[in-house]
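On a predicted model such as this, the values are computed, not experimentally measured, just so you know.
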Amino acid sequence: MGQSVVMYFSNTGTTQAIAEQIAVTTGSKLIGVHAKEDYTPADLDWEDPASRSYHEMHAGKVRPAIEAIDPAPIAAADVIYLGFPLWWATVPREINTLLDSLDLTGKAVHPFCTSGSTPIAEAVERLRANYPHIDWHAGRRFATSLTADEIRDWAEED
Ligand SMILES: Cc1cc2nc3c(=O)[nH]c(=O)nc-3n(C[C@H](O)[C@H](O)[C@H](O)COP(=O)(O)O)c2cc1C
């Protein structure tokens, strides 16, 4: 089997906890994606139209800066698990910053998310439309607790 990595963006730890479990279950290297400027609780207030997250997600093509990532393990991987919280039913802009900066052509990318309740379908639809050169596999929303079998079933799906 080829190499795999789990890349994730997480601010309050929910997606990170899932990403850690996926990395253990699939034997993948874990890579955190971090915004250069951390989000404060006020930045994450989706009910405040003046908050940073609200602005970034509603102001067109925003690409917040992210910390540098070592591209070597990503280049060496055939399979990538890509995790994020849903923000307004889609990926936080940092995921766009990441995907704009990496060449994932031909790699199998399995998107996963956590969310309050929104399913992942719309986010995956947009990823497929915006990054058609990537081989997108089935997306999955994970609840906060999950079993190794759940992860394996998803990882083996097309
Ligand atoms: C700015 C913002 C927007 C959000 N939008 C949604 C949403 O549209 N639907 C939903 O179900 N949850 C939404 N949530 C909840 C998060 O998806 C959820 O809490 C997630 O598990 C957080 O992941 P994290 O702890 O890895 O950052 C939103 C949270 C934030 C901070």
- Task: Please report the closest heavy-atom contact between Ala138 and Glu157, naming both atoms and the distance.
- Result: CB-OE1, 3.3 Å
- Message: Are Trp154 and Met7 connected into the same hydrophobic cluster when the rule is that any two of I, L, V, M, F, W, Y join if their side-chain heavy atoms are below 4.5 Å apart?
- Response: no
- Task: For residues Thr26 and Val79, determine if any side-chain heavy atom of one lies less than 4.5 Å from a side-chain heavy atom of the other.
- Result: no
- Message: With a 4.5 Å cut-off on side-chain heavy atoms, are Ile134 and Ile80 touching?
- Response: no
- Query: Which pair of non-hydrogen atoms, one from Arg52 and one from Ala35, has the smallest distance, and what is that distance?
  - Reply: NH2-CB, 4.1 Å
- Task: Please report the closest heavy-atom contact between His34 and Gly32, naming both atoms and the distance.
- Result: CD2-O, 3.7 Å
- Partner residues of Glu122 under the side-chain hydrogen bond (donor to acceptor under 3.5 Å, both in side chains) criterion, sequence neighbours left out: Arg126
- Mind checking the CD-CD1 spacing from Glu150 to Ile22? Nearest 0.5 Å is all I need. 10.0 Å
- Is there a donor-acceptor pair under 3.5 Å between the side chain of Lys36 and the backbone N or O of Ala68? no
- Shared ILVMFWY cluster between Phe112 and Ile31, side chains joined below 4.5 angstrom? no
- Task: Could you verify whether a donor N or O on one side chain and an acceptor N or O on the other, from Asp149 and Thr147, lie under 3.5 Å apart?
- Result: no
- Taking C-beta and beyond as the side chain, do Leu98 and Phe9 meet within less than 4.5 Å on heavy atoms? no
- Within the distance-only criterion (no hydrogens, no angle test), does the side chain of Ser51 pair as donor or acceptor with the backbone N or O of Asp45 below 3.5 angstrom? yes
- Going from CG on Asp103 to CG on Asp100, what distance comes out if it is rounded to the nearest 0.5 angstrom? 12.0 Å
- Message: Within the 4.5 Å heavy-atom criterion, are Asp135 and His137 side-chain neighbours or not?
- Response: yes
- Message: Donor-acceptor pair, distance only, cut-off 3.5 Å: does the side chain of Trp46 make one with the backbone of Ser53?
- Response: no
- Item | Exercise: identify the closest heavy-atom pair between Pro132 and Ala129 | CD-O, 3.6 Å
- Item | ILVMFWY network linking Val109 to Val124, side-chain heavy atoms under 4.5 angstrom | yes
- Report yes if some heavy atom in the side chain of Leu30 is under 4.5 Å from a heavy atom in the side chain of Tyr8; otherwise report no. yes
- Task: With the side chain counted from C-beta on, respond yes when Arg140 and His110 share a heavy-atom pair under 4.5 Å apart, and no when they do not.
- Result: no
- Between Ser115 and Arg141, what is the shortest heavy-atom contact and its length? OG-NE, 2.6 Å
- Smallest separation among heavy atoms of Ser28 and Ser4, with atom names: OG-OG, 2.7 Å
- Item | Reported CG-to-CG distance for the pair Asn11 and Asp43, which is rounded to 0.5 angstrom | 9.0 Å
- Message: Do Val33 and Trp136 sit in one hydrophobic cluster, given that two such residues count as connected whenever their side-chain heavy atoms are within less than 4.5 Å of each other, even indirectly?
- Response: yes
Name the atoms and distances for all side-chain donor-acceptor pairs under 3.5 Å in residues 82-97, with sequence neighbours left out.
{"unit_1": "Arg93", "atom_1": "NE", "unit_2": "Glu56", "atom_2": "O", "d": "2.9"}
{"unit_1": "Arg93", "atom_1": "NH2", "unit_2": "Glu56", "atom_2": "O", "d": "3.4"}
{"unit_1": "Arg93", "atom_1": "NH2", "unit_2": "Met57", "atom_2": "O", "d": "3.2"}
{"unit_1": "Arg93", "atom_1": "NH2", "unit_2": "Gly60", "atom_2": "O", "d": "2.9"}
{"unit_1": "Glu94", "atom_1": "OE1", "unit_2": "Tyr39", "atom_2": "OH", "d": "3.3"}
{"unit_1": "Glu94", "atom_1": "OE2", "unit_2": "Tyr39", "atom_2": "OH", "d": "2.5"}
{"unit_1": "Asn96", "atom_1": "ND2", "unit_2": "Tyr131", "atom_2": "OH", "d": "3.1"}
{"unit_1": "Thr97", "atom_1": "OG1", "unit_2": "Pro64", "atom_2": "O", "d": "2.9"}
{"unit_1": "Thr97", "atom_1": "OG1", "unit_2": "Arg93", "atom_2": "O", "d": "3.2"}

- Side-chain contact, heavy-atom cut-off 4.5 Å: Ile74 with Leu104? yes
